[in-house]
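Since this is a predicted model, take the numbers as computed values, not measurements. Side chains are part of it too, since the values below use all heavy atoms of this structure and drop only hydrogens, waters and symmetry mates. In what follows, chains carry the letters A, B, and so on, assigned in the order in which the sequence lines appear, proteins first and then strands, with residues in each chain numbered from 1.
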2 protein chains.
Amino acid sequence: MENAADSKGLTTIPEPTLRRLPIYYQYLRNLESAGKKVISCTTIGNDLSLDPTQVRKDLAHTGVEGKPKVGYMVSDLVRKIEEFLGWNKINAAFLAGAGNLGSALLGYPQFREHGLSIVAAFDRDPAKVGSLIHGKRVLPLETLPGLARRMGIRLGIITVPPAAAQEVADFMVQGGIQAIWNFAPVMLKVPSSIVVRNEELYYSLAALSHTLAKKLNVEIKKGEEGYASSN
Amino acid sequence: MENAADSKGLTTIPEPTLRRLPIYYQYLRNLESAGKKVISCTTIGNDLSLDPTQVRKDLAHTGVEGKPKVGYMVSDLVRKIEEFLGWNKINAAFLAGAGNLGSALLGYPQFREHGLSIVAAFDRDPAKVGSLIHGKRVLPLETLPGLARRMGIRLGIITVPPAAAQEVADFMVQGGIQAIWNFAPVMLKVPSSIVVRNEELYYSLAALSHTLAKKLNVEIKKGEEGYASSN
DNA sequence: TATATATAGAGAAAAGTTTCTCGATTCGCT
DNA sequence: AGCGAATCGAGAAACTTTTCTCTATATATA
């Protein structure tokens with residue numbers, strides 16, 4: 001029974017599945033607030049333009065069970081996905097770098113609903129230290145390791161400029177932080193036991209701009225054809 | 001010769017490759033500014049913890065060519081990836097929703113270097129309309145379609161609250177926008193010819209929090225074992 | 001109560017992606 | 001000039017993910 005093993009983290013879950021789960025989750029939350037009680041993979045697949053079997057396999061990874069002819073309880077699905085992604089327990093996090101992006105993240109309401117609570121921000125700029133951003137206190141960067149250790153913080157978010165990122169990462173590791181969400185465009189060097197997730201907004205832009213460029217190219221070609229011939 | 005076809009957009013490129021290309025790009029830009037002229041897939045693979053053959057196949061999609069025993073010209077690679085991703089031409093974009101996230105995106109310096117120039121922001125809040133955010137003027141939302149059409153804008157970015165997202169998307173479609181980068185947690189309904197890329201910061205959180213949850217679980221179990229037995 | 005139908009779930013097949021293997025090429029060194 | 005080492009590029013093999021097919025089951029309806 002692979003599902004049970006999966007939901008306990010004993011097997012590895014496909015990356016693509018992991019990327020789709022939050023999409024299902026959002027969709028299901030919308031259903032829930034619309035008052036829908038049960039849902040089938042067929043319907044989910046139609047609404048999200050995904051293959052129903054794929055949806056079923058994805059959801060099975062969370063250990064949820066459905067009924068033939070009926071589908072799944074929406075509330076079951078929501079709960080199982082939350083558990084699976086660790087969104088049912090709040091992770092306290094430290095954020096380093098109280099610039100534009102850092103401030104936006106500090107004020108991002110969705111995080112709280114998805115198991116992430118940024119409890120403090122850190123910066124080197126004396127003008128920022130001591131101030132409040134979206135209700136979170138900005139503290140001196142040097143105090144990060146000690147505080148992280150005392151408060152048992154497991155998650156760090158890096159939104160400092162690239163040049164400072166490695167040093168901040170070192171601070172975080174020193175403070176016993178286990179997972180780093182890195183928004184700086186550099187590859188961090190950390191012990192292999194630390195989970196690093198690199199996030200660059202422009203990474204996501206790649207797919208979009210590639211598709212758009214291709215699309216515009218095709219249009220230009222069509223235009224030229226239409227101009228040259230008389231069709 | 002599949003590479004040539006690829007670089008002209010005639011074949012489909014694997015999603016995973018598309019996600020890795022920006023990573024290579026960033027790495028290569030760093031090399032470039034460090035003065036490195038040539039690079040091999042072996043070295044790239046080592047530095048980025050990827051299989052060298054995979055790196056080679058990924059890069060081949062851009063149509064770049066290397067020399068045995070030497071590798072690739074760093075500058076060739078950078079140029080080819082830029083062309084492939086459409087980063088060599090600047091795309092002018094409109095952004096709707098001048099809140100926290102919108103402001104952060106307006107001030108995000110990396111976009112400009114990657115083919116994206118946000119030329120104006122739109123909001124419904126009269127307090128924001130008319131002001132400048134990071135040098136970009138905030139305009140009334142209603143003027144978006146007309147302006148988009150007149151300026152030939154192809155790309156729209158949505159950072160409004162979920163409830164307003166669909167309406168904004170409709171405005172964008174009406175204004176002839178071809179691709180939408182959607183940061184609101186809703187599935188937009190748009191004509192199938194429009195490219196939509198949904199971006200949710202917490203989507204990326206999924207992988208990280210799942211791994212962290214798993215990791216902490218394992219640690220707890222280990223702890224319990226250690227406690228129960230005397231090992 | 002029997003029947004038709006929608007759907008979960010499991011396993012097989014197909015498609016896609018990554019990794020391996022090998023030959024060809026280039027360069028530096030002797 | 002010839003030799004050895006490094007690397008590209010192409011094709012094959014292994015692996016992963018997606019899609020298809022089938023069976024069992026729950027529900028609604030006649």
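For B/Asp76 and D/dC8, the CG to P distance is 13 Å, given to the nearest whole Å. Regarding A/Gln54, its CD atom lies at a distance of 17 Å from the C1' atom of C/dG11, rounded to whole Å. Per the geometry, NE2 belonging to A/His61 stands 11 Å off C1' belonging to D/dT16, to the nearest Å. The interatomic distance linking B/Leu18 (CG) with C/dG16 (P) rounds to 16 Å, in whole Å. Computed from coordinates, the A/Ile39 CD1 to C/dA6 P distance equals 16 Å when rounded to whole Å. Atoms CD (A/Glu15) and C1' (C/dT17) sit 13 Å apart, rounded to a whole Å. Nucleotide C/dA13 holds its C1' atom 14 Å from the CG atom of A/Asp51, rounded to whole Å. Rounded to whole angstrom, the span from the CG atom of A/Leu59 across to the P atom of D/dT18 amounts to 13 Å.
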*Where along nucleotides 25-30 of chain D does protein come under 4.0 Å, by heavy atom, of base (B) or sugar-phosphate alone (S), with - for untouched nucleotides?*
BBB---
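In terms of phosphate contacts, A/Tyr72 brings a side-chain nitrogen or oxygen within less than 4.0 Å of OP1 or OP2 of C/dG9. In this model, the phosphate group of D/dG9 is not approached by any side-chain N or O of B/Arg56 to a distance below 4.0 Å at OP1 or OP2.
Residues A/Asp58 and B/Thr43 each lie close to DNA chain D; by heavy-atom proximity, the contact nearer the 5' end of the strand is made by B/Thr43.
Nearest heavy-atom pair across B/Cys41 and B/Pro52 is CB-O, 3.6 Å.
A/Trp87 and A/His114 have perpendicular rings, their planes meeting at more than 60° on a 0 to 90° scale where under 30° would count as parallel.
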*What's the verdict on side chain to side chain contact (heavy atoms under 4.5 Å, CB included) for B/Leu212 and A/Arg154, showing C-alpha distance, side-chain angles and the deciding distance?*
CA-CA 8 Å; B/Leu212 187 59; A/Arg154 306 301 177 95; 4.2 Å; yes
*May I have the step-by-step check of side-chain hydrogen bond (donor to acceptor under 3.5 Å, both in side chains) for A/Gln166 and A/Asp170, ending in yes or no?*
CA-CA 6 Å; A/Gln166 182 60 54; A/Asp170 294 342; 2.9 Å; yes
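Residue-level contact check: B/Thr53 touches the bases, meaning some heavy atom is under 4.0 Å from a base atom.
Judged as a salt bridge (Lys or Arg N to Asp or Glu O under 4.0 Å), the pairs with a partner in residues 49-62 of chain A (not counting sequence neighbours) are, in order, A/Arg20-A/Asp58.
Judged by distance alone, with hydrogens and angles left aside, the side-chain atoms of A/His210 form a donor-acceptor pair with the main-chain N or O of B/Phe84 at under 3.5 Å. Side-chain atoms of B/Thr43 never come within 3.5 Å of backbone atoms of B/Ile39 as a donor-acceptor pair (strictly under, hydrogens ignored).
When distances are taken from the side chain of A/Lys57 to each of D/dA12, D/dC20, C/dA8, the shortest belongs to D/dC20.
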